[in-house]
Each structure stands twice: as structure tokens, then as C-alpha cells.
Participant: 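One structure, pasted below without further comment.
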Amino acid sequence: MLITELKSKETILSLVDGKKAFIINCHGCREVYFPLEEAAQLQEELYAGGSVTGILTTDYICNPDNLKVRLESHKAEIEAADVVLVFSCGVGVQTVASYLEDRKVCACCDTSRLPGFQGVTPLEYDCGQCGECYLNLTGGICPITACSKSLVNGQCGGSKNGKCEVDPNMDCGWERIYRRLEKIGRLDALKCPTQIRNFATDQEVAK
């Protein structure tokens, strides 16, 4: 199981910063903690400020069939937005990013693990539940799970032809991140100092 918590209000507002945003809420995995009231209050504030083109609230955005149908019904609102804000665990954010390859997709939540069983997604995406989400710096592709070495500061020296040094059948996670950022015109994100992973979050939850 896992706990999903909102990033700070300042962080989320900075993701919009004068831009138009489309919001996606995932209310699946209802046994998992999700800050519904806090998220709704923040979204109402953004909507009142004229920053929101539309809001999609549904269950299990990690389900590809469900997500595809839902996104198609909001196509015009998504196209009118500069950024897509996703309120879900890391798996949901990665799923949305894979469908909206030409859009800036941002995580508005951090995910921490709890002991127990979590619902199974039919996709290859995974969330490391590390307590601090890197997806906003890496184009919606998780460096913790997409890289066999969980490198957070760039590609290692062993990958060849876009393939992983550890598993030649696996695409290099950082190659994927670079190509994704290149496609959406955000290579400047690679110039940002890598945030230090806060292991204290995991330790506190585990107690």
C-alpha cells in the first residue's frame, strides 16, 4: 500500500506560474490515503484564478483503456492547456505522460510506501514510492524505476545504443528521459541541480 501526499502549495503554484493548466485527479485505490479535501481546495483556487482549462476526475488512471477514453473526451481542454497537473501516485503520472507525449505533465503529489499489498496495474510503469517525486524534473519518466541503477543525476557510462548496461533488453531510462524532454522542449530541466533524495520520509512511514 502507499500514502499519497500533496506537494507544497508553493511548488504546485510554481508549476502553473501564469500558464493554463488541465487537472487530472485519480480516485482509484480508495484504500490508499489521498488528500481529497486539500487537493480540491487548491484546485478551486486555481480555477477561480482563471488558470484551469478543465478538470478530469476518474478512477484508476493507471488503467490504459480507461485513461484513453477519458482523455479523448477532454481533448480540447487538454490542447488549450500549457501544462497537465496530475494528482495521483507516480504510476498515474507516468501513464498520463506516456499518452500526452507532446505535453508538459507534472506530478502534484509525493508517494510514500506502507507495508501491505497494492493494486496491480497492467502497465510496465512502477513507482518507487520514495517520498519525493522526481517526475517534474525528468519529463514524467521515473529515474528510480526506469534506470536499473536508480541513478538520479543522469546516464551512466555503460549504456550503449540506448540500451541498459545491466539489461541489454531494457531501454536506458536516462536516454528515454532525454528524448522525452527534447520532444517537449524542456532540455533546460537537465540544468537544474538534482534534488537530494529524502530517505527520512521512508523511515518515518516505516516506523
Side-chain angles (χ1 to χ4, degrees), residues 1-8 11-12 14-15 21-36 38-39 42 56-64 66-67 70-71 83-101 103-153 170-174 176-177 180-181 184 186 189 192 194-206:
M1 296 180 67
L2 51 81
I3 291 178
T4 305
E5 300 177 296
L6 288 185
K7 290 182 177 293
S8 70
T11 296
I12 296 174
S14 72
L15 297 174
F22 182 79
I23 294 173
I24 298 177
N25 293 304
C26 181
H27 287 180
C29 300
R30 295 308 295 267
E31 76 280 6
V32 177
Y33 174 75
F34 184 84
L36 294 176
E38 296 94 326
L42 177 58
L56 164 62
T57 299
T58 185
D59 294 334
Y60 299 104
I61 61 175
C62 60
N63 182 297
N66 172 56
L67 179 64
R70 298 294 186 179
L71 291 180
V83 58
V84 177
L85 304 181
V86 183
F87 291 77
S88 79
C89 74
V91 175
V93 180
Q94 292 176 76
T95 308
V96 173
S98 70
Y99 273 98
L100 304 179
E101 294 184 340
R103 296 284 162 180
K104 180 180 179 181
V105 176
C106 293
C108 293
C109 301
D110 292 320
T111 307
S112 302
R113 68 172 58 87
L114 280 176
F117 179 76
Q118 174 60 30
V120 178
T121 172
L123 299 172
E124 62 183 14
Y125 306 120
D126 193 11
C127 176
Q129 302 171 21
C130 59
E132 287 187 298
C133 191
Y134 290 93
L135 292 171
N136 295 343
L137 298 175
T138 55
I141 298 173
C142 178
I144 302 295
T145 59
C147 171
S148 59
K149 300 179 182 180
S150 295
L151 299 178
V152 296
N153 58 352
M170 176 182 175
D171 290 334
C172 169
W174 274 97
R176 290 173 55 207
I177 289 170
R180 163 77 174 166
L181 292 174
I184 61 176
R186 292 197 60 228
C192 297
T194 303
Q195 63 190 61
I196 303 301
R197 185 176 178 182
N198 183 7
F199 288 97
T201 306
D202 278 349
Q203 293 168 0
E204 288 299 320
V205 171

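Keep in mind it's a predicted model, so treat the numbers as computed, not measured.
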Participant: Can any side-chain N or O of Asp110 pair as donor or acceptor with the backbone N or O of Lys7 at less than 3.5 Å?
Facilitator: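 Pair absent, no side-chain N/O of Asp110 close to backbone of Lys7.
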Participant: Say you draw a straight line from CZ of Arg70 to OG1 of Thr57; how long is it, rounded to the nearest 0.5 Å?
Facilitator: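 Rounded to the nearest 0.5 Å, the CZ-OG1 separation comes to 10.0 Å.
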Participant: Taking all atoms of both residues into account, what is the closest heavy-atom pair of Leu151 and Trp174, and its distance?
Facilitator: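 So the minimum-distance heavy-atom pair works out to O-NE1, 2.9 Å.
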Participant: Minimum heavy-atom separation for Cys62 to Val91, with atom names?
Facilitator: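 In this case the closest contact between Cys62 and Val91 is CB-CG1, 3.7 Å.
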Participant: Quick one: are Val93 and Ile24 in side-chain contact, heavy atoms under 4.5 Å?
Facilitator: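 Val93 vs Ile24: side chains apart.
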Participant: Would you say Asn136's side chain and Ala107's backbone share a donor-acceptor pair under 3.5 angstrom?
Facilitator: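 At least one qualifying donor-acceptor pair exists.
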Participant: State the CZ-SG distance between Phe34 and Cys89, to the nearest 0.5 angstrom.
Facilitator: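 Reported value, rounded in 0.5 Å steps: 9.5 Å.
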Participant: Rounded to the nearest 0.5 Å, how far apart are CG of Asn153 and OH of Tyr134?
Facilitator: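 If we round to the nearest 0.5 Å, Asn153:CG and Tyr134:OH are 9.5 Å apart.
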Participant: Begin with the C-alpha distance, continue with both residues' side-chain angles, and end with the deciding distance and a verdict on side chain to side chain contact (heavy atoms under 4.5 Å, CB included) for Ile144 and Val152.
Facilitator: CA-CA 7 Å; Ile144 302 295; Val152 296; 3.5 Å; yes
Participant: Which pair of heavy atoms, one from Met170 and one from Ser148, lies closest together, and at what distance?
Facilitator: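 Answer, listing the atom of Met170 first, then Ser148: CE-N, 3.8 Å.
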Participant: If you compare all heavy atoms of Cys147 against all heavy atoms of Pro143, which two are closest, and at what distance to 0.1 Å?
Facilitator: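 Between these two residues, the closest heavy atoms are CB-O, 3.2 Å.
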Participant: Whether the side chain of Asn66 engages the backbone of Tyr60 through a donor-acceptor N/O pair (distance < 3.5 Å, no angle test) should be reported.
Facilitator: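 Flag set: sc Asn66 to bb Tyr60 pair under 3.5 Å.
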Participant: Rounded to the nearest 0.5 Å, what separates atom OG1 in Thr58 from atom CG in Asn25?
Facilitator: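 Here the interatomic distance stands at 10.0 Å.
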Participant: For the residue pair Pro64 and Tyr99, establish whether any side-chain heavy-atom pair is separated by less than 4.5 Å.
Facilitator: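 Pro64 vs Tyr99: side chains touch.
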Participant: Taking all atoms of both residues into account, what is the closest heavy-atom pair of Ile141 and Arg180, and its distance?
Facilitator: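 Scanning both residues completely, I find the closest heavy atoms to be CD1-CB, 3.9 Å.
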Participant: What's the shortest heavy-atom distance between Leu6 and Cys109, and which atoms?
Facilitator: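 That closest heavy-atom pairing would be CD2-SG, 3.9 Å.
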Participant: Starting at SG of Cys172, measure out to NZ of Lys149 and round the result to the nearest 0.5 Å.
Facilitator: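 Here the interatomic distance stands at 9.5 Å.
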Participant: Between Arg103 and Val96, does the side chain to side chain contact (heavy atoms under 4.5 Å, CB included) criterion hold? Intermediate values first, please.
Facilitator: CA-CA 10 Å; Arg103 296 284 162 180; Val96 173; over 6 Å; no
Participant: Please round to the nearest 0.5 Å and tell me the distance separating atom CD1 of Ile177 and atom CG of Leu137.
Facilitator: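 It comes to 10.0 Å.
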Participant: Using side-chain heavy atoms (C-beta onward) and a distance below 4.5 Å, is Thr95 in contact with Ile61?
Facilitator: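 In short, these two side chains do not touch, never coming nearer than 4.5 Å.
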